[in-house]
Amino acid sequence: MDFYDRDIVSIRDFTREEIEYLLDLSEKMMPYATGDKTGRLLDGKILGNLFFEPSTRTKLSFESAACRLGCDVIDVSEMSMTSISKGETLADTIRMVDAYCDLIVLRHPYEGAARLAAKFSQNPVINAGDGAGSHPTQTLLDLFTMRQSKGSLDGLNVVLVGDLKYGRTVHSLAEALTMFGAKLTLVAPDTLQMPDEIVNHIKDKGCDPVKTANLEDVIDKADVLYITRIQRERFPDPTEYKKVAGMYRIDNAMLREAMSDMIVMHPLPRIDEIAPEVDSSEHAKYFQQAFNGVPVRMALLCAILGGELP
Ligand code: CP
């Protein structure tokens, strides 16, 4: 499987076999991600971490993955601290960062920014979230977590809940799960349903998702309940946000309707979608999910930059 020097912009750029290869490699990275084993597989390489939108998990797990592999990191966390604030274009900024590192990880508020960056960078670019577009590395760690918990990805009954319109993680995830024959249920009010472009894409690939606004009607059939935050920052009109804020909330009473081995996932951060009482239940996988960003991103960095496990 050849990932060397490759851009990671969209989950559509992967085949099912490529995803499985990366998940297997992530499994091998686990003892390095926990620090039980050490290996400077990327000694001498430099990662450029550009985060032009807030992030805790994606930014720090990329940094942790790089550090564990002996790869140095240069980073920017605020657009206002770069020369973009003086009028420089994203294309020129990318050309510059490209000259200082071997791989660029980019989070940006605008959909399509990672694709543009990949065009102007000689070195590979990883999309770490582009506006309401997609978040392919989140999808890889989501799939890794599902496989870890359920044993297989094939034919899972997955319920996606919340902001399916602006939530980029569910866009990439719905497309990836379709490659594994998932049955998808899309739970959202009409105003926050999955964009037609994505629904049509997964239908073309053989998935026929069920749409509903009522989580109570479908929770008992779920193998995986994947809930997302309402993306307040993407709403053009704050009054529209207020109409849907707090619409879905998982608590222990609701989980009594679920199968005993159903897992609850969330890309985080959560606001009020999951009651803290759920954290200690067997269903809760969201903190493990966030940790899994480290082995999965280690696998990606090694695959793209040519790091070889002993
Ligand atoms: N899941 C995720 O992308 O989290 P951050 O915004 O904290 O990176």
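Just so you know, residue 1 is the first one in the sequence shown, and it goes up from there. Fair warning: this is a prediction, and the values are worked out from it, not measured in the lab. Counting starts at 1 for both ligands and their atoms, in listed order.
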Could you name each residue pair satisfying ring-ring contact (aromatic ring centres under 6.0 Å, His included) that touches residues 266-310, not counting sequence neighbours? none
Charged N-O contact under 4.0 Å between Glu240 and Lys165: no
Show me the short polar-atom pairs for ligand 1: any N or O of it lying under 3.5 Å from a protein N or O, with distances only.
residue: ligand 1; atom: 1 (N); partner: Gln138; partner atom: OE1; Å: 3.0
residue: ligand 1; atom: 1 (N); partner: Pro267; partner atom: O; Å: 2.8
residue: ligand 1; atom: 1 (N); partner: Leu268; partner atom: O; Å: 3.2
residue: ligand 1; atom: 3 (O); partner: Thr58; partner atom: OG1; Å: 3.0
residue: ligand 1; atom: 3 (O); partner: Arg107; partner atom: NH2; Å: 3.0
residue: ligand 1; atom: 3 (O); partner: His135; partner atom: NE2; Å: 3.0
residue: ligand 1; atom: 4 (O); partner: Arg57; partner atom: NE; Å: 3.1
residue: ligand 1; atom: 4 (O); partner: Leu268; partner atom: O; Å: 3.4
residue: ligand 1; atom: 6 (O); partner: Arg107; partner atom: NH1; Å: 2.8
residue: ligand 1; atom: 7 (O); partner: Thr56; partner atom: N; Å: 2.8
residue: ligand 1; atom: 7 (O); partner: Arg57; partner atom: N; Å: 3.0
residue: ligand 1; atom: 7 (O); partner: Arg57; partner atom: NE; Å: 3.2
residue: ligand 1; atom: 7 (O); partner: Arg57; partner atom: NH2; Å: 3.0
residue: ligand 1; atom: 8 (O); partner: Ser55; partner atom: OG; Å: 2.6
residue: ligand 1; atom: 8 (O); partner: Thr58; partner atom: N; Å: 2.9
residue: ligand 1; atom: 8 (O); partner: Thr58; partner atom: OG1; Å: 2.7
residue: ligand 1; atom: 8 (O); partner: Arg107; partner atom: NH1; Å: 3.4
residue: ligand 1; atom: 8 (O); partner: Arg107; partner atom: NH2; Å: 3.3

What residues, two or more places apart in sequence or in another chain, satisfy side-chain contact (heavy atoms from CB on, under 4.5 Å) together with Ser64? Arg68, Val294
Do NZ/NE/NH1/NH2 and the carboxylate oxygens of Arg95 and Asp92 come within less than 4.0 Å? yes
Provide the full list of ring-ring contact (aromatic ring centres under 6.0 Å, His included) pairs with a residue in residues 142-179, sequence neighbours left out, each pair given once. Tyr166-Phe235
Quick one: do Asp154 and Arg16 make a salt bridge, cutoff under 4.0 Å? yes
